[in-house]
Amino acid sequence: MAQYAILIFDDAAAGDYIPAQQAASKRHADDLIDSGAMIAAYALQSTDTATSLRGDVVTDGPFIDSKEVIAGICVIEAPDLDAALELARGNPAVRWDRGGVEVRPVAGGIAPISR
């Protein structure tokens, strides 16, 4: 089965999710887990905690300054892009008018290696 990354975007100025939004996000994650589609998911801290590298230059803040920022990522398994889009469509961020999601096929990965 193919893997897809779901990038969850949010309006950087919108602030933290309110409790109802947090609960809706948790329900969606639980649905993905229960369906067996969820591989991993991570919420990211705000962009004011970001550090970017460009060549030899290290700067505070996100790589790109924009209205929308990546708020989290999720990796799912789905038989095809249409199925992945259907799973992503259930993400409440799609309906909140403050961001949305982007779905991209995973080209490859490296599992954790113990040394």
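Fair warning: this is a prediction, and the values are worked out from it, not measured in the lab.
Heavy atoms from other residues, nucleotides or ligands lying under 6.0 Å from CG of Asp34 number more than 12. The number of heavy-atom neighbours closer than 6.0 Å to CZ of Arg95, taken from other residues, nucleotides and ligands shown, is above 12.
Atom CD1 of Ile76 and atom CD1 of Ile6 lie 4.0 Å apart (nearest 0.5 Å). The distance from the CD atom of Glu86 to the CG atom of Asp82 is 9.0 Å, given to the nearest 0.5 Å. Taking CG of Asp10 as the start and OG1 of Thr47 as the end, the distance is 10.5 Å to the nearest 0.5 Å. Within the model, atoms CE of Met38 and CG of Leu87 stand 10.0 Å from one another, a figure rounded to the nearest 0.5 Å. Atom CG of Asn91 sits about 5.0 Å away from atom CD1 of Ile8, to the nearest 0.5 Å.
Cluster annotation: Tyr42 is connected to Leu7 through the hydrophobic network of ILVMFWY side chains, with a link wherever side-chain heavy atoms come within less than 4.5 Å. The hydrophobic clustering, which links ILVMFWY residues whose side-chain heavy atoms are closer than 4.5 Å, places Leu32 and Leu85 together.
In this structure Asp30 satisfies the side-chain contact (heavy atoms from CB on, under 4.5 Å) test together with Lys26, Ile33, sequence neighbours excluded. Every residue meeting the side-chain contact (heavy atoms from CB on, under 4.5 Å) condition with Pro79, not counting sequence neighbours, appears here in chain and number order: Met1, Ala83. Among residues two or more places apart in sequence or in another chain, the side-chain contact (heavy atoms from CB on, under 4.5 Å) test is passed with Ile18 by Ala20, Gln21.
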Can Phe9 and Ile70 be said to form a side chain to side chain contact (heavy atoms under 4.5 Å, CB included), step by step?
CA-CA 5 Å; Phe9 289 87; Ile70 299 174; 3.6 Å; yes
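The two residues Asp80 and Tyr4 make their nearest non-hydrogen contact at C-OH, 3.1 Å.
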